[in-house]
Amino acid sequence: MGFRDVEMPDGTIKRFTWHPKYDPRYPAFNQAPKCNQYFIDFQKCIWKKGEGYKPCDWFRHHYEHVCPPTWVEKWNDQLERGVYPSKQLLKWQAKYPKAEPADE
């Protein structure tokens with residue numbers, strides 16, 4: 001469980017208590033597969049849609065609250081070095097072109 005800051009229509013920021021909802025794909029107590037899948041889904045989303053695509057945040061919020069921070073740090077380090085051990089993610093990156101960086 002954690003907190004999520006949400007911008008309200010009037011421009012103010014309101015803090016809500018937040019936790020991932022039940023996911024029927026992972027009914028077991030062990031959340032490791034769920035954690036890994038949300039991380040991979042987030043990487044796929046930003047690969048295809050770009051870093052600034054807001055709907056990708058859904059996956060990010062989930063893996064940040066389900067995964068231990070040490071795992072996320074390790075995975076991000078592995079991604080930066082190009083040695084992340086996921087055949088699923090590698091196949092995805094080979095199949096789809098990377099999104100162009102958004103000009104701001």
Side-chain angles (χ1 to χ4, degrees):
M1 183 159 59
F3 295 102
R4 188 169 180 189
D5 294 330
V6 176
E7 185 174 352
M8 304 307 286
D10 64 358
T12 61
I13 303 292
K14 188 169 182 180
R15 180 167 274 202
F16 292 95
T17 301
W18 184 88
H19 60 86
K21 303 298 182 214
Y22 174 74
D23 190 339
R25 297 179 298 169
Y26 306 102
F29 183 74
N30 182 0
Q31 297 297 301
K34 180 184 199 178
C35 163
N36 190 33
Q37 190 60 50
Y38 284 142
F39 185 80
I40 290 172
D41 289 344
F42 174 72
Q43 297 304 322
K44 287 171 155 182
C45 186
I46 62 171
W47 178 268
K48 183 138 183 170
K49 298 293 185 176
E51 294 279 339
Y53 190 63
K54 290 276 186 197
C56 294
D57 286 345
W58 187 88
F59 295 112
R60 183 178 55 79
H61 287 302
H62 276 65
Y63 84 72
E64 284 178 348
H65 288 89
V66 174
C67 302
T70 54
W71 290 10
V72 175
E73 290 171 12
K74 176 183 172 186
W75 293 338
N76 283 326
D77 181 53
Q78 289 173 336
L79 281 171
E80 289 173 8
R81 292 185 291 131
V83 295
Y84 184 72
S86 169
K87 290 180 184 176
Q88 178 187 12
L89 186 58
L90 293 174
K91 285 180 187 177
W92 175 269
Q93 290 174 340
K95 184 176 181 180
Y96 296 102
K98 187 170 185 172
E100 295 294 324
D103 294 330
E104 296 181 18

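The figures that follow rest on heavy atoms only: side chains count, while hydrogens, waters and symmetry mates do not. One-based numbering along the sequence shown.
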**Request:** Starting from the C-alpha separation in whole Å, work towards a yes-or-no answer on side-chain contact (heavy atoms from CB on, under 4.5 Å) for Gln43 and Asn76.
**Result:** CA-CA 10 Å; Gln43 297 304 322; Asn76 283 326; 4.3 Å; yes

**Asked** What do the steps show when you test Ile40 against Tyr84 for side-chain contact (heavy atoms from CB on, under 4.5 Å), and what is the final call?
**Response** CA-CA 10 Å; Ile40 290 172; Tyr84 184 72; 3.8 Å; yes

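Checked against Trp58 for a ring-ring contact (aromatic ring centres under 6.0 Å, His included), the options Tyr63, Tyr38, Phe42 give a single hit: Tyr38.
To the nearest 0.5 angstrom, Lys98 atom NZ is 15.5 Å from Lys49 atom NZ. With rounding to the nearest 0.5 angstrom, the NE2 atom of His62 is 11.0 Å from the SG atom of Cys67. With rounding to the nearest 0.5 angstrom, the CD atom of Gln88 is 4.5 Å from the CD atom of Gln37. Atoms CH2 and CG, on Trp92 and Leu90 in that order, are 13.5 Å from each other to the nearest 0.5 Å. One distance of note links CG of Asp41 with SG of Cys56; it measures 10.0 Å at 0.5 Å rounding. The CD1 atom of Ile46 sits 11.5 Å away from atom CZ of Phe59, with the distance rounded to the nearest 0.5 Å.
Ring centroid separation for the pair Tyr53 and Trp47 does not come in under the 6.0 Å cut-off.
Classification of Asp77 and Lys74 as a salt-bridged pair fails, no side-chain N sitting under 4.0 Å from a carboxylate O.
Pairing each heavy atom of Cys35 with each of Val66, the nearest pair is CB-CG1, 3.9 Å. Of all non-hydrogen atoms in Ala99 and Lys48, the two that sit nearest each other are CB-O, 3.3 Å. Contact record, Leu89 with Leu79: CD2-CD2, 3.9 Å, taken as the closest heavy-atom pair.
Phe39 and Trp75 have tilted rings, their planes meeting at an angle from 30° to 60° on a 0 to 90° scale.
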